[in-house]
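Read through the structure below, which is laid out as structure tokens, and then see the notes.
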Amino acid sequence: MYVVGITGASGFIGSHLVAACLERGWSPIALVRRGSPELAALGIPVRSYRIGEAPPDLAGIDLLVHCAYDAQADNASACEALIRRAAASGVRRLLFVSSLSADPQAASRYGREKAACEAIVAAADGMVVRPGLVLGAGGLFARMRDAVRGIGVVPLVDGGRQPVYTVTVGELAAAILDLLAADARGTFAIAASEPVSMAELYRAIARACGRRVLLVPIPYAPLLLGARLAEALRIPLALTVERVRSLRNLRAVTIPSYPQLPRAPRPFSPEDCRC
Ligand SMILES: NC(=O)c1ccc[n+]([C@@H]2O[C@H](COP(=O)([O-])OP(=O)(O)OC[C@H]3O[C@@H](n4cnc5c(N)ncnc54)[C@H](OP(=O)(O)O)[C@@H]3O)[C@@H](O)[C@H]2O)c1
């Protein structure tokens, strides 16, 4: 039985990690900036954690999963501060939830920040998990589904040929806990080994939701310009400059299989897109 501290425990992936810990008889502790009725209903202890502020005391925590991310904050400095506090508090292992788009040369700030955090975590002998696009009722996938269910018009950069590697939120939570239990070392890409194209993914979402979607091919440069203009004019759009840039991070990668994981994420299934 482990005591597991989880930053971002109120979020999409974090809340599934909390549930997966409970299923295994482990004791999760939520490190969150505000409590939630869901955490309170489950009786999960909460310690106040806010990216950008000094981390709380982590005494009593065996394993720490750093899942929170704040697009407005300096996530690398926050990661460093959290690791220092973890070491001082006697935390045994730290696992950082990164992304397949982590890359020091990434077009998006997100990809570059994830790469910077990965380097900090690796230097502290922490573990890195790089999930693909996480399928379920939250995160980026839910925003894609909302776009299809809403106006039903989706701009497609480069014909929507970008490879998208997927994993269900349940598979990801189980893999993270399996890696912690195995006391694994290194970086782990967690996704199905075969990608689906962005265009295929949107079509699968539309079919699953019983909606029609109009996929509008548009080159990268004008889309980026439009997003920049909208931001300058303070027009709120789902497709922000950062989101457009992040499309540039999508590339073919190799997803290895890992001996520490009993089950590899299953191939993409349109079933996992259901509304
Ligand atoms: N979803 C995906 O497809 C995907 C894919 C690859 C990697 N990831 C990574 O997985 C992690 C979780 O993503 P998610 O999809 O679960 O997103 P999410 O639902 O938006 O969860 C983000 C969590 O971060 C917390 N947070 C944000 N700003 C914070 C701050 N300043 N201080 C403390 N906590 C803060 C949020 O707390 P509040 O509830 O208080 O807002 C929330 O609990 C992120 O690191 C993300 O980069 C996600």
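Quick note: numbers below take in every heavy atom, side chains included, and nothing from hydrogens, waters or symmetry partners. In each ligand, atom 1 is the first atom listed, and ligand 1 is the first ligand listed.
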Practice problem: Please step through side-chain contact (heavy atoms from CB on, under 4.5 Å) for the pair Leu63 and Leu95, ending with a clear verdict. | Solution: CA-CA 8 Å; Leu63 311 170; Leu95 184 150; over 6 Å; no
Exercise. Using the side-chain contact (heavy atoms from CB on, under 4.5 Å) rule, take Asp178 and Arg24 through it: C-alpha gap first, then chi angles, then the decisive distance, then the call.
Key: CA-CA 10 Å; Asp178 286 343; Arg24 291 190 189 203; 2.8 Å; yes
Quiz prompt | Verdict with supporting geometry, Ser48 and Val32, side-chain contact (heavy atoms from CB on, under 4.5 Å) | solution = CA-CA 5 Å; Ser48 175; Val32 288; over 6 Å; no
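Residue-to-ligand polar distances place Val134 within reach of ligand 1: an N/O pair is separated by less than 3.5 Å. Where the criterion is an N or O separation shorter than 3.5 Å, residue side chain and backbone included, Ile13 meets it with respect to ligand 1. Here's the thing with Gly8: one of its N/O atoms is less than 3.5 angstrom from an N/O atom of ligand 1. For ligand 1, the polar-atom distance check against Asp70 finds a nitrogen or oxygen pair separated by under 3.5 Å.
Distance check on atom 17 (O) of ligand 1: every protein heavy atom falls at or beyond the 4.0 Å cut-off. Taking a distance limit of 4.0 Å, we find that atom 20 (O) of ligand 1 is approached by no protein heavy atom. At least one protein heavy atom sits closer than 4.0 Å to atom 46 (C) of ligand 1.
Proximity to Tyr49 (heavy-atom distance under 4.0 Å) selects the following atoms of ligand 1: 33 (C). Which parts of ligand 1 touch Arg50 is read off a 4.0 Å heavy-atom cut-off, strictly below it: atoms 32 (N), 33 (C). Ligand-side atoms of ligand 1 in range of Lys114: 44 (C), 45 (O), 46 (C), 47 (O), range being under 4.0 angstrom from any heavy atom. The Ser98 neighbourhood of ligand 1 comprises atoms 6 (C), 7 (C), 8 (N), 9 (C), with distances under 4.0 Å to a heavy atom of that residue. Close approach of ligand 1 to Gly11 is summarised as follows: ligand atoms under 4.0 Å from at least one heavy atom of the residue are 19 (O), 21 (O), 42 (C), 43 (O). For ligand 1, the atoms closer than 4.0 angstrom to any heavy atom of Cys67 are 11 (C), 12 (C), 44 (C), 45 (O). In summary, the atoms of ligand 1 found under 4.0 Å from a heavy atom of Val97, numbered by their order in the structure, are 9 (C), 10 (O), 45 (O).
Protein heavy atom nearest atom 40 (O) of ligand 1, with residue, atom name and distance: Arg33 NE, 2.8 Å. The single protein non-hydrogen atom nearest to atom 27 (C) of ligand 1 is Tyr69 O, 3.2 Å, given as residue, atom name and distance. Ile51 N, 2.8 Å is the protein heavy atom nearest to atom 32 (N) of ligand 1. The protein heavy atom nearest to atom 37 (O) of ligand 1 is Ser10 OG, 3.5 Å. Annotation: atom 34 (N) of ligand 1 to nearest protein heavy atom, Ala68 CB, 3.7 Å.
The two residues Leu201 and Cys273 come nearest to each other via the heavy atoms CD1-SG, 4.3 Å. Of all the heavy atoms in Ala107 and Arg248, the pair that sits closest is CB-CB, 3.8 Å.
The same ILVMFWY cluster, assembled from side-chain heavy atoms under 4.5 Å apart, contains both Leu17 and Trp26.
Of the possible donor and acceptor atoms, one in the side chain of Lys114 sits under 3.5 Å from a partner among the backbone N and O of Val97. Side chain of Arg263 to backbone of Leu261: no donor-acceptor contact under 3.5 angstrom is found. Between the side chain of Glu231 and the backbone N or O of Val241 there is at least one donor-acceptor pair closer than 3.5 Å.
Within the 4.0 Å heavy-atom criterion, neither part of Phe141 lies near ligand 1. Residue-level proximity to ligand 1 for Arg34 is carried by the side chain, the only part with a heavy atom below 4.0 angstrom.
Look at Gly132 and you'll find a heavy atom under 4.0 Å from some atom of ligand 1. Close to ligand 1: Pro131, with a non-hydrogen atom less than 4.0 angstrom away.
Between Tyr69 and Tyr110, the ring centre distance stays below 6.0 Å.
Summarising the geometry, atom CZ belonging to Arg212 is positioned 10.5 Å from atom CG belonging to Leu214; distances are rounded to the nearest 0.5 Å. Here the straight-line distance linking atom OG1 of Thr168 with atom CZ of Phe268 works out to 11.5 Å at 0.5 Å rounding.
By the 6.0 Å and 45° rule, Arg130 does not stack over the aromatic ring of Phe188.
Around atom CZ of Arg203, no more than 12 heavy atoms belonging to other residues, nucleotides or ligands sit under 6.0 Å away.
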